[in-house]
Amino acid sequence: MQNFIQNLPKVELHLHIEGTLEPELMFQLAKRNQVNIPFQTPEEVRAAYQFTNLQSFLDIYYQGADVLIHEQDFFDLTWAYLLRCQADHVIHTEIFFDPQTHTARGIAFETVINGISAALDKARQELGISSQLIMCFLRHLSEDDAIETFKQALPYQDKIIGVGLDSSEQGHPPEKFARVFKMARDAGFIPVAHAGEEGPASNIDDALNLLGVQRVDHGVRCVEDPQLVQQLAETRMPLTVCPLSNIKLRVFDNMQQHNIVELLRQGLCVTINSDDPAYFGGYMTDNFMAVADAHKMTHAELAQFTLNAIEASFISSTEKARMASEVKAYLNHTDTE
Ligand code: ADE
Ligand code: ZN
């Protein structure tokens, strides 16, 4: 199983680039940029990653991003993630970034996007990994702040395919961002949003109806509303599920309790993703392995996670067909060995 999963072509649709900052790179950048961090060693940083809920993670995560200052830092961060993609056979990735985490510290939008984009271009050419960028609004900040960020993004629209919504879900429901999402949709950005991670199933409904999202990030609390589950299955509305994240942030007590396999078998377009792999203990292969270790699954079911992700991705139908045949060929080949 380990071998099958390791070599299975994968597509990632829920990955925060700031969440790929490994402690070693954090130390390197802190030294390079003369930023103080409240830890002595990378091991000490890892030991601090004990979370009780989403907020306890976000507090430490936003602090970690302070070491990112120059374009080269954003390049190095993104390139390190793309090398992990290569090792995990990730053939396509759709990456979130949080501009407000950086612009609030006086870092220019341009610095962030140019550093990330340069690494994505290099990976396209040298590693054959395709990618898209999705800009997230921080839901703990005001809608006016999000609108300001949206305006800053307009000159870079050729580099950004969509807008998303992340950060603290409790107390910041989708309706708070209805106006900025309408502006973004009208300008041609594809909308997605985190919903039903810690917040109730009604947030998923609201993300669909008030924000017009084309994918739901997380969405695992949909099971609290059976009618919604049926609707998600019938419409094949994608859920970008993050198994290791959900355990680390205590959305589920353990992987056996996680509902991703049940949702897959009910015909929902669920996908496996790593969310913030440097903080949650694993990249794509680790997430697939954790699910397969806890649930008895066939090779075809595991491959279906990638087929779902291809279906749910924001690439051309030609690219989707090419990637789907790569996965099917892999499945046929390994199952006849
Ligand atoms: N930002 C980074 N990871 C997140 C998550 N899992 N939920 C909400 N906001 C996030
Ligand atoms: Zn997320």
Side-chain angles (χ1 to χ4, degrees), residues 11-22 26 49-66 68 74 77-78 81 93-104 112 116 132-141 145-146 149 162-174 176-177 191-200 203-204 206-207 211 213-222 238-252 258 260 270-284 286-287 290 309 312:
V11 165
E12 176 142 68
L13 303 178
H14 185 155
L15 179 281
H16 302 264
I17 199 64
E18 294 88 353
T20 67
L21 180 61
E22 291 287 342
M26 191 189 289
Y49 293 170
Q50 306 290 336
F51 312 118
T52 50
N53 56 21
L54 175 58
Q55 194 59 50
S56 65
F57 153 69
L58 291 171
D59 293 341
I60 211 162
Y61 164 78
Y62 293 132
Q63 188 184 14
D66 282 352
L68 299 161
F74 289 94
L77 174 74
T78 309
Y81 162 66
T93 177
E94 301 190 355
I95 299 178
F96 294 131
F97 72 114
D98 286 342
Q100 289 156 297
T101 299
H102 314 297
T103 53
V112 180
I116 298 172
Q132 306 276 15
L133 261 184
I134 300 172
M135 165 178 87
C136 282
F137 302 121
L138 297 179
R139 67 204 306 160
H140 67 275
L141 300 179
D145 208 308
T149 303
V163 295
L165 188 61
D166 65 1
S167 189
S168 323
E169 189 180 0
Q170 310 261 32
H172 304 284
K176 179 176 165 188
F177 296 93
V192 301
H194 285 51
E197 177 188 18
E198 267 195 353
N203 276 2
I204 301 173
D206 291 347
L211 306 183
V213 298
Q214 295 194 20
R215 290 199 301 244
V216 175
D217 298 311
H218 293 292
V220 289
R221 283 191 59 185
C222 66
L239 303 185
T240 64
V241 179
C242 307
L244 285 173
S245 161
N246 292 155
I247 304 308
K248 271 284 195 183
L249 301 186
R250 314 250 185 112
V251 174
F252 297 92
H258 201 293
I260 187 168
V270 284
T271 65
I272 289 186
N273 307 273
S274 69
D275 205 5
D276 302 283
Y279 292 85
F280 299 148
Y283 289 78
M284 284 292 272
D286 305 306
N287 272 275

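When a ligand or atom number is given, it counts from 1 through the structure's own listing order. Everything numeric in this text was worked out from a predicted model, so none of it was measured.
- Outside the 6.0 Å centre-distance limit, the rings of Tyr279 and His16 are not counted as a close aromatic pair.
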**OP:** Test Gln63 against Asp59 for side chain to side chain donor-acceptor pair (under 3.5 Å), laying out the working first.
**Re:** CA-CA 7 Å; Gln63 188 184 14; Asp59 293 341; over 6 Å; no
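- Ring to ring, Phe177 and Phe137 are not that close: their centroids are 6.0 angstrom or more apart.
- Between the side chain of Glu198 and the main chain of Leu54, a donor-acceptor pair closer than 3.5 Å is present.
- Asn246 has its side chain within reach of His218: a pair of non-hydrogen atoms, C-beta onward, lies under 4.5 Å apart.
- The distance from atom CD1 of Ile204 to atom CD of Glu197, rounded to the nearest 0.5 Å, is 11.0 Å.
- Classification of Glu94 and Arg215 as a salt-bridged pair holds, one side-chain N sitting under 4.0 Å from a carboxylate O.
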Report every pair formed by an N or O atom of ligand 1 and a protein N or O atom separated by less than 3.5 Å, giving atom names and the distance to 0.1 Å.
from: ligand 1; atom 1: 3 (N); to: His16; atom 2: NE2; distance (Å): 3.4
from: ligand 1; atom 1: 3 (N); to: Asp276; atom 2: OD2; distance (Å): 2.6
from: ligand 1; atom 1: 6 (N); to: Glu197; atom 2: OE2; distance (Å): 2.9
from: ligand 1; atom 1: 6 (N); to: His218; atom 2: NE2; distance (Å): 3.4
from: ligand 1; atom 1: 6 (N); to: Asp275; atom 2: OD2; distance (Å): 2.7
from: ligand 1; atom 1: 7 (N); to: Glu197; atom 2: OE1; distance (Å): 2.8
from: ligand 1; atom 1: 7 (N); to: Glu197; atom 2: OE2; distance (Å): 3.4
from: ligand 1; atom 1: 9 (N); to: Ser167; atom 2: N; distance (Å): 2.8

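- With Asn273 contributing its side chain and Val241 its backbone, the two residues share a donor-acceptor pair below 3.5 Å.
- Between Phe280 and Phe57, the angle of the ring planes lies from 30° to 60°, which puts this pair in the tilted group.
- Excluding water, every protein N/O/S atom under 2.8 Å from the Zn ion (ligand 2) is given here by residue and atom: His14 NE2, His16 NE2, His194 NE2, Asp275 OD1.
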